[in-house]
Amino acid sequence: MSQRILDDYLDDVRRRLGHLTPDERDAVIGEMRAHLVDKIDALLKADPALSRDDAALRATHAFGTPDEITVQYGPQGGIVKSSTGETLLRVAALGGRALRATGRGLGRTLKWTALVFAITISAALIAATVVVVVFDDEIRGLIPHTIYAKGEYYESRNGTLNESFDVPSVYHTFQLQIYTYGQDETSCVGVNLTSPDGDVIDLSVRSPTGGCYDLHRELTFAQPGRWHIRYDFDAYSGWIDVNVDGYR
Amino acid sequence: MIADYLAKFERDLTGGVLHLMLLVEIDRLAPIHGYGLIKALTEASGGRELFKEGTIYPILNLLERSGFVKSRWAQGDHGPARKYYELTPTGRQVLRLGVEEWDRVRESMDAILKDHRRSGKR
């Protein structure tokens with residue numbers, strides 16, 4: 001059964017890495033499987049009373065949701081989001097190159113560097129202006145527009161809350177981000193999303209102890225129309241933050 | 001909204017230095033596999049979970065594609081084969097410059113916080 005939990009999880013990850021080559025996918029999945037096997041062994045060693053299934057669930061939870069992991073593998077197999085760390089490393093590398101160049105002969109290099117730099121900057125400015133003018137609509141399309149936002153704290157809340165939002169057809173896609181903070185071993189807030197066609201997507205992640213794990217999901221959809229979100233509270237104290245952004 | 005902001009702040013802060021943390025630990029422990037890196041980082045942070053464990057793999061992938069680390073697959077004592085990482089000469093240069101940059105940022109932040117605390121507006 002624990003093997004099934006692991007296989008299901010890694011199959012989910014694999015499905016989301018469709019832009020990688022089969023060899024790249026195998027390498028990523030193989031590395032993750034080795035990590036999860038080591039983690040399960042470590043959890044069982046630390047707590048021999050733990051079942052292998054529980055250890056597999058805990059290992060995959062600690063690893064992160066398939067969404068969280070795969071969103072960082074870009075369409076070219078690199079990283080989509082440029083984080084501060086990445087920028088820092090790139091700046092550091094550029095700084096290193098600049099220092100090396102300086103050491104090799106400041107005078108002549110500086111003259112040519114300044115000339116090349118000036119030409120490059122001028123060309124880049126002209127190109128950027130042309131791009132902005134020609135692709136004005138496309139650039140505007142990259143800017144997210146808030147369709148629905150929610151940020152509320154609940155105290156020992158029970159019952160059901162139904163909310164909805166309309167996605168105009170002008171948006172070709174929209175992104176839904178949902179975070180919950182505060183769930184523990186027994187309390188829970190279940191979250192169900194219903195598409196305009198009536199398809200129900202259960203976003204809740206149940207823990208082995210009957211509660212729920214905190215949610216941290218980023219999902220992208222393309223279907224316009226009225227979407228419904230149902231929150232099922234079970235003694236829930238904590239935050240619910242939801243943002244839905246449309247892209248033209 | 002405050003919780004959302006603070007959660008994002010923590011994610012950005014940790015994510016921002018995670019690249020450097022990985023380079024430091026790879027330099028210290030090489031050759032080392034992903035799970036070993038997680039163990040080392042968790043121990044260094046006093047057992048506190050700083051990030052989801054799986055998030056290091058896309059970063060390792062990026063570091064490898066950038067030429068800062070190199071890897072090889074090897075069979076361990078048990079279980080599946082593991083991918084072991086070590087720094088390249090460029091990676092060591094980037095690590096050195098990254099540490100210098102981190103020291104600069106930390107010193108600036110310490111100075112700003114010192115002034116803030118002195119002002120008594122905590």
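Hydrogens, waters and symmetry mates play no part in the numbers below; they use all other heavy atoms, side chains included. Values in this document were obtained by computation on a predicted structure and should not be read as measured data. In the text below, chain A, chain B and the rest are named by the order of the sequence lines, each starting its count at 1.
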K.L.:
What heavy-atom pair brings B/W73 and A/G30 nearest, and what distance separates the two atoms?
P.N.:
CH2-C, 4.0 Å
K.L.:
Answer with yes or no after comparing the ring centroid distance for B/Y57 and A/F63 against a 6.0 Å cut-off, counting only values under it.
P.N.:
yes
K.L.:
Between atom NZ of A/K39 and atom CD1 of B/I38, what is the distance when rounded to the nearest 0.5 Å?
P.N.:
8.0 Å
K.L.:
To the closest 0.5 Å, what do you measure between CD (A/Q177) and CG (B/D4)?
P.N.:
8.0 Å
K.L.:
So with a 6.0 Å cut-off around NZ of B/K52, is the heavy-atom count from everything else above 12?
P.N.:
yes
K.L.:
Closest heavy-atom contact between A/A34 and B/P80?
P.N.:
CA-CG, 3.7 Å
K.L.:
Could you measure the distance from the NZ atom of B/K39 to the NE2 atom of A/H35? Nearest 0.5 Å is fine.
P.N.:
11.0 Å
K.L.:
Residues of residues 8-16 of chain A under 4.5 Å from chain B (heavy atom pairs)?
P.N.:
none
K.L.:
Should the pair B/E53-A/R58 be classified as a salt bridge under the 4.0 Å nitrogen-to-oxygen rule?
P.N.:
no
K.L.:
Pick from A/E68, A/K150, A/E31: which one has the most heavy-atom pairs with chain B under 4.5 Å?
P.N.:
A/E31
K.L.:
With chain B, which of A/I69, A/D38, A/N243 has the greatest number of heavy-atom pairs at distances under 4.5 Å?
P.N.:
A/D38
K.L.:
Counting heavy-atom pairs under 4.5 Å with chain B, which one of A/D241, A/L36, A/D41 comes out on top?
P.N.:
A/D241
K.L.:
B/K83: which residues meet the salt bridge (charged side-chain N to carboxylate O under 4.0 Å, His left out) condition with it, sequence neighbours left out?
P.N.:
B/E64
